[in-house]
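Residue numbering restarts at 1 for every chain, and letters A, B, ... go by the order of the sequence lines.
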Amino acid sequence: GAVVSQHPSWVICKSGTSVKIECRSLDFQATTMFWYRQFPKQSLMLMATSNEGSKATYEQGVEKDKFLINHASLTLSTLTVTSAHPEDSSFYICSAIRQVEQYFGPGTRLTVT
Amino acid sequence: GDSVTQMEGPVTLSEEAFLTINCTYTATGYPSLFWYVQYPGEGLQLLLKATKADDKGSNKGFEATYRKETTSFHLEKGSVQVSDSAVYFCALSDSTYSGSRLTFGEGTQLTVNP
């Protein structure tokens, strides 16, 4: 089946630093990937759509200068949280589109201290 | 805008008990409805889906029927197993397939005890 990985699975960083999260489609190529954010006991909220070779499309209310998305290859999208603050602590999940179905990564837990 | 509401969890059941997880939605048009399952340490996996009213999605003993009149898509299983312990998400899309924008519910944690 289609497999999507994320790295790291858990990261702790200090306030003011930047952290990069990788999302890879392991056995297929994906021109489109999605990035979600999930708070405890809340639903997944779509942050942005990542398209290979073009700029990401951000959802309303998501700061594109804070959450930098790069989809430089057909198997890799990265999310960089710049100048992280404690309120950015969350669970970040990516997904990749294979044919017409969406496959999810296991998520990355970000804790900003 | 579109929204999905799931019953509050967590839900704890004994093995072989009957499971119902309620899901209702608000949407314009005629959305497709999905149930996803997330096992510990893994990504969300599509469990079942229904693309039009009165459709029944089923997989691994789980079922859900698309009820347009009550805007619901409740998940049911007649006899749960310990291996069904996971978080279940209800979701909707304006596409027939899952590969487009999805709106998720809050998720329901299910624990099945032996």
Test item: side-chain donor near acceptor, A:Thr80 and A:Ser18, under 3.5 Å: no
Proximal component of B:Thr103, with respect to chain A [non-hydrogen, under 4.5 Å]: neither
Verdict with supporting geometry, B:Thr70 and B:Thr24, side-chain contact (heavy atoms from CB on, under 4.5 Å): CA-CA 8 Å; B:Thr70 54; B:Thr24 57; over 6 Å; no
Which atoms of B:Leu102 approach chain A - backbone, side chain, both or neither, heavy atom under 4.5 Å: both
Test log, rule side-chain contact (heavy atoms from CB on, under 4.5 Å), inputs A:Asp88 and A:Lys66: CA-CA 10 Å; A:Asp88 299 324; A:Lys66 181 170 186 61; 2.8 Å; yes
Segment of A:Gln38 engaging chain B (4.5 angstrom heavy-atom cut-off): side chain
Engaged part of A:Phe39 at the chain B interface, taking heavy atoms whose separation is under 4.5 Å: neither
Chain A interface, residue from B:Ser95, B:Gly43, B:Gly9 that has the most non-hydrogen pairs under 4.5 Å: B:Gly43
Chain B contact via A:Leu44 - side chain, backbone, both or neither, heavy atoms under 4.5 Å: both
Close aromatic pair by centroid cut-off 6.0 Å: B:Phe62 and B:Tyr88: yes
Proximal component of B:Tyr39, with respect to chain A [non-hydrogen, under 4.5 Å]: neither
Polar side-chain atom of A:Glu22 near backbone of A:His7 as donor-acceptor pair, under 3.5 Å: no
salt_bridge(A:Glu59, A:Arg37) N-O dist < 4.0 Å: no
